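Index from 1, following the sequence. Keep in mind that this is a model prediction, so the values were computed, not measured.
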Amino acid sequence: MRDFLPELLRGGVITLQVTAGGAVVAVIAALSAALTRLYGPRPLRWLATAYVELFRGTSALVQLFWLFFVLPHFGVTLSPMVVGIAALGLNVGAYGAEVVRGAIGSVARGQWEACTALNLTRAQTLRRIVLPQAFVAMIPPWGNLFIELLKATSLVSLITLSDLAFKAQQLNQNTLRTAEVFSTVLLMYLALSVLITVGMRALEARAALGLRRGRVS
């Protein structure tokens, strides 16, 4: 363990960076796509729908390879880290867009009607009334999506990023200690998944408490 754990930890740092960056991209992409599909002008709605269907309907691995190997043919060359974050973030964001859209749709219609009666604009209604309620509803499925994102980071080893999976493969080839190496990696992925689950549950509890108090903090 003393021999190969430091290498695995260095790979774990890369995995965490890709996961965190991909999560930020996913949330931004999901919110943008969902709100555009619900309330944007028709041309933008078409673009948002095309994004969701494209990234949900094709393999994350193919998307990763396309950004890394095909974009340079069009004069756009991105670093492996940027490609990993962008590809996985956009892939998860496409699924997240449906989570956001469903959460917004689950807010009772009477909330909208009450806001209309109070002469609130659509933006004010979304920001003050609808999104805080939808936010609580969308946290559990987003927790699942973040765990899927974490597991998908193993794909970035195929575009030369020395993540946790890449380090495990290297150590296995160099030491032939297959059981020890991959059992350790299994536990590391499990530990990271548990941390995400605990964090999202804490966020859900805090958001629900804030909603009961009349705010989401």
Side-chain angles (χ1 to χ4, degrees), residues 11-106 126 131 134-135 137-166 189 192-193 195-197 199-200 203-204:
V13 171
I14 299 297
T15 294
L16 285 175
Q17 290 175 341
V18 175
T19 302
V24 172
V25 171
V27 170
I28 294 173
L31 286 171
S32 301
L35 293 175
T36 300
R37 292 183 74 184
L38 287 170
Y39 309 114
R42 183 170 297 177
L44 292 181
R45 289 205 303 266
W46 291 341
L47 287 176
T49 300
Y51 154 66
V52 171
E53 296 304 325
L54 174 64
F55 278 86
R56 286 200 310 165
T58 57
S59 165
L61 180 59
V62 174
Q63 295 160 15
L64 193 71
F65 282 173
W66 197 91
L67 291 178
F68 191 68
F69 294 113
V70 177
L71 273 186
H73 292 283
F74 298 95
V76 180
T77 302
L78 303 175
S79 70
M81 178 64 76
V82 172
V83 169
I85 290 173
L88 298 182
L90 290 173
N91 180 271
V92 171
Y95 292 92
E98 293 302 288
V99 170
V100 174
R101 196 159 67 103
I104 292 174
S106 69
L126 280 170
L131 285 180
F135 179 69
M138 69 178 73
I139 291 175
W142 267 108
N144 293 331
L145 289 176
F146 288 152
I147 291 174
E148 291 299 320
L149 173 61
L150 169 66
K151 294 187 292 186
T153 57
S154 60
L155 296 175
V156 301
S157 62
L158 301 174
I159 58 170
T160 72
L161 271 182
S162 299
D163 72 316
L164 185 55
F166 183 86
Y189 274 113
L192 292 174
S193 296
L195 284 175
I196 292 174
T197 300
M200 294 303 287
L203 179 62
E204 182 183 9

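Formation of a donor-acceptor pair under 3.5 Å by the N91 side chain with backbone atoms of F55 is found in this model. T77 contributes no side-chain N or O that, together with a main-chain N or O of P72, makes up a donor-acceptor pair within less than 3.5 Å. Listed for the S106 side chain is a donor-acceptor partner under 3.5 Å among the backbone atoms of A103. Using a distance-only test at 3.5 Å, with no hydrogens or angles considered, a donor-acceptor pair links the side chain of Y51 to the main chain of A94. Remark: the backbone N or O of P140 is not paired with any side-chain donor or acceptor of E204 at under 3.5 angstrom.
Here the closest non-hydrogen pair linking F68 and P80 is CE1-CG, 3.8 Å. Residues L64 and V83 approach most closely at O-CG1, 3.7 Å, considering heavy atoms. L90 approaches A29 most closely through the heavy-atom pair CD2-CB, 4.1 Å. Taking both residues in full, the closest heavy atoms of S157 and D163 are given as CB-OD1, 3.2 Å, listed atom of the first, atom of the second, then distance. A pairwise comparison of heavy atoms in L44 and T36 identifies O-CG2, 3.3 Å as the closest pair. In terms of heavy atoms, G40 sits closest to R45 at O-NH1, 2.7 Å.
Between W66 and L61, the closest side-chain pair of non-hydrogen atoms is not below 4.5 Å. Counting heavy atoms from C-beta outward, Y95 and V52 have side chains that stay 4.5 Å or more apart. The side-chain heavy atoms of F166 and S154, taken from C-beta on, include no pair separated by under 4.5 Å. Between L35 and I104, the closest side-chain pair of non-hydrogen atoms falls below 4.5 Å. You'll find the side chain of N144 stays beyond 4.5 Å of the side chain of E148, heavy atoms only.
How far CD1 of I147 is from CG of L149: 10.5 Å, rounded to the nearest 0.5 Å. Interatomic distance, L192 CG to I196 CD1, rounded to the nearest 0.5 Å: 6.5 Å. Interatomic distance, OH of Y189 versus NZ of K151, reported as 11.0 Å (0.5 Å rounding). Interatomic distance, T160 OG1 to M81 CE, rounded to the nearest 0.5 Å: 10.0 Å. If you take CZ on R37 and CG on L47, they are separated by 12.0 Å, rounding to the nearest 0.5 Å. Note that OG1 of T153 and CD1 of I85 are 11.0 Å apart. Values are rounded to the nearest 0.5 Å.
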Please determine whether side-chain contact (heavy atoms from CB on, under 4.5 Å) holds for the pair R101 and L38, giving the CA-CA distance in whole Å, both sets of side-chain angles, and the decisive distance to 0.1 Å.
CA-CA 8 Å; R101 196 159 67 103; L38 287 170; 3.8 Å; yes

With side-chain contact (heavy atoms from CB on, under 4.5 Å) as the criterion, how do V25 and V92 come out once you've worked through the C-alpha distance, each side chain's angles and the decisive distance to 0.1 Å?
CA-CA 9 Å; V25 171; V92 171; over 6 Å; no

Chi angles and distances behind the side-chain contact (heavy atoms from CB on, under 4.5 Å) call for T58, Q63:
CA-CA 7 Å; T58 57; Q63 295 160 15; 2.7 Å; yes

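Between F146 and W142, the ring-plane angle classifies as tilted under the 30° and 60° cut-offs.
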